[in-house]
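The residues of the chain are indexed from 1 along the displayed sequence. FYI, side chains are in, hydrogens and waters are out, and symmetry mates aren't considered; it's all heavy atoms of this structure.
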Amino acid sequence: MTHLSIPGFTEHRVAVDDGVTLHAAVGGTGNPIVLLHGFPQTHLMWRHVAADLAADHTVICPDLRGYGASSKPAANSPEVYAKRTMARDVVRLAAALGHDRFVLAGHDRGALVAFRAALDHPRAVSHALFLDVLPTLDMWDALRGVSGAVGYHLYLMAQPPGLPERMIAACADDFFASFLDAWTKDPEAIPAEVRAHYLVASAAAVPSIVADYRASAGVDLEHDGADRVAGRRLAMPVTVLQQDWGAALGYHAEGLWSAWADDLRHRTVSCGHFMAEEDPHLITAEIRALAAR
């Protein structure tokens, strides 16, 4: 398969933990912005946004631990794929590239990593943008009754190690493709070669992807719960863009997010879940506006 990359970006491998390196595409010059991808994708989902932002920013697009061309350590403890660990990876990556403070944007799983990074490392994260998620603690509360079936994969991958991995590996292309199909309103936003890249990358990462999701049903909940009890909040300007999942699942998204952030801009969008590919101009504009706050 042809190697896909973001035009004008260089690719790096950076050690961030014992035996763990992150693959990252880096381009541009100026105040740094770090972009974290979601599921079932890699850093390539940011190709349009990153190329635009690189006109006046240094843009860093890593594959998260367990995804794409980054290391996929065995999940021999819950902490290996805790969002706290994955967030620390991102902060160390940026520091290794010369940036101790940066704007951070994340989509889907990457948004959960970004959320944890913003809580744990407020000196590093100057501004935070989250695309189409709720914080883990709120996400599980929102999935109720039959309408919660949209999140069936969360429950599947929350099961003990073994069966979920075997089930997904047995039909990996069908499993991962189902989300690319169901969650996009504009199929042309993910061209055939990009779709193929996502499917190959995801099929090669089944154990680590499951471990990432399993952590969100365990250790990540513990961390979010402890922060809520302690009253910890996001200290930086925050933007959240979401589809109108609240209407379908019966929750008030802006209200849930406002419990975590004082300086919050919340917006409901009309594009599908993969909004950085479906409406990159909107996402780029929102990141620029956030960075200016």
Side-chain angles (χ1 to χ4, degrees), residues 1-6 23 25 35-50 61-70 72 75 81 106-113 131-133 139 143 146-159 161-217 241-243 245 248-249 269-280 283:
M1 179 181 298
T2 302
H3 177 73
L4 298 178
S5 59
I6 302 174
H23 171 264
L35 306 176
L36 305 181
H37 68 85
F39 162 92
Q41 299 176 294
T42 69
H43 76 279
L44 198 65
M45 63 152 283
W46 292 107
R47 59 196 179 279
H48 305 305
V49 172
C61 303
D63 289 335
L64 296 169
R65 168 190 295 235
Y67 288 81
S70 291
K72 302 169 182 64
Y81 287 95
H107 172 257
D108 189 84
R109 306 305 294 173
L112 300 180
V113 176
L131 298 182
D132 219 26
V133 296
M139 173 191 72
L143 293 172
V146 173
S147 62
V150 67
Y152 83 93
H153 59 300
L154 300 171
Y155 295 92
L156 171 62
M157 290 190 272
Q159 302 309 308
L163 186 59
E165 291 87 344
R166 293 197 301 273
M167 290 175 66
I168 294 168
C171 58
D173 280 359
D174 289 339
F175 179 76
F176 294 115
S178 71
F179 300 102
L180 296 175
D181 293 339
W183 293 350
T184 183
K185 292 184 178 180
D186 178 13
E188 294 184 1
I190 304 178
E193 66 273 16
V194 175
R195 176 188 173 93
H197 162 78
Y198 292 154
L199 295 181
V200 169
S202 296
V206 169
S208 51
I209 289 174
V210 175
D212 165 35
Y213 273 86
R214 186 176 289 121
S216 287
L241 306 180
Q242 294 184 280
Q243 297 180 90
W245 288 109
L249 297 175
V269 301
S270 58
C271 55
H273 178 65
F274 301 111
M275 53 188 70
E277 291 168 290
E278 294 190 57
D279 197 345
I283 304 308

Polar side-chain atom of Tyr213 near backbone of Leu156 as donor-acceptor pair, under 3.5 Å
no
Student check: side-chain heavy atoms of Ser202 and Ile209 closer than 4.5 Å:
yes
Strictly distance-based, threshold 3.5 Å: is any side-chain N or O of Arg214 a donor or acceptor partner for the main-chain N or O of Gln159?
yes
Least distance between heavy atoms, Ala211 atom then Tyr81 atom:
CB-CD1, 3.5 Å
Quick one: does Thr184's side chain have a donor or acceptor within less than 3.5 Å of a partner on Leu180's backbone?
no
Closest heavy-atom contact between Asp108 and Phe39?
OD2-N, 3.0 Å
Distance, nearest 0.5 Å, that separates CD1 of Ile168 from CG of Leu163
9.5 Å
pair Arg47-Leu4: side-chain heavy atoms closer than 4.5 Å:
no
For the side chain of Asp132 and the backbone of Phe274, is there at least one donor-acceptor N/O pair under 3.5 Å apart?
no
Drop me the distance from Asp63's CG to Leu36's CG, to the nearest 0.5 angstrom.
10.5 Å
Tell me whether His37 contacts the main-chain N or O of Leu44 through its side chain, where contact means a donor paired with an acceptor under 3.5 Å.
no
Backbone of Pro207 reached by a side-chain donor or acceptor of Lys72 within 3.5 Å
no
With a 4.5 Å cut-off on side-chain heavy atoms, are Phe176 and Val206 touching?
yes
Of the non-hydrogen atoms in Pro280 and Ala276, which two are nearest, and what is the gap between them?
CB-O, 3.3 Å
NE2/His43 to OG/Ser5 distance, rounded to the nearest 0.5 angstrom?
7.5 Å
Distance, nearest 0.5 Å, that separates CG of Leu131 from CE of Met45
6.5 Å
Side chains of Ser70 and Arg65, heavy atoms from C-beta outward: is any pair under 4.5 Å?
no
Is there a side-chain contact between Glu278 and His273, using heavy atoms and a 4.5 Å cut-off?
no
In sequence, state the C-alpha distance, the side-chain angles, and the governing distance for Leu154 and Ser216, and then conclude on side chain to side chain contact (heavy atoms under 4.5 Å, CB included).
CA-CA 9 Å; Leu154 300 171; Ser216 287; over 6 Å; no
For Ile6 against Cys61, the heavy-atom pair lying closest together:
CD1-SG, 4.2 Å
Between Ala217 and Ala158 the two heavy atoms that sit nearest each other are CB-CB, 3.6 Å
May I ask you to decide whether Arg195 forms a salt bridge with Asp181, counting only side-chain N to carboxylate O separations under 4.0 Å?
yes
Ring centroid separation Trp183 to His107 under 6.0 Å:
no
Nearest non-hydrogen partners of Thr42 and Gly68, listed with the distance:
CG2-CA, 3.9 Å
In terms of ring plane angle, is the pair Phe175 and Tyr152 parallel, tilted or perpendicular, where the classes change at 30° and 60°?
perpendicular
Main chain of Val269, side chain of Gln242: is a donor-acceptor contact present, judged purely on distance under 3.5 Å?
no
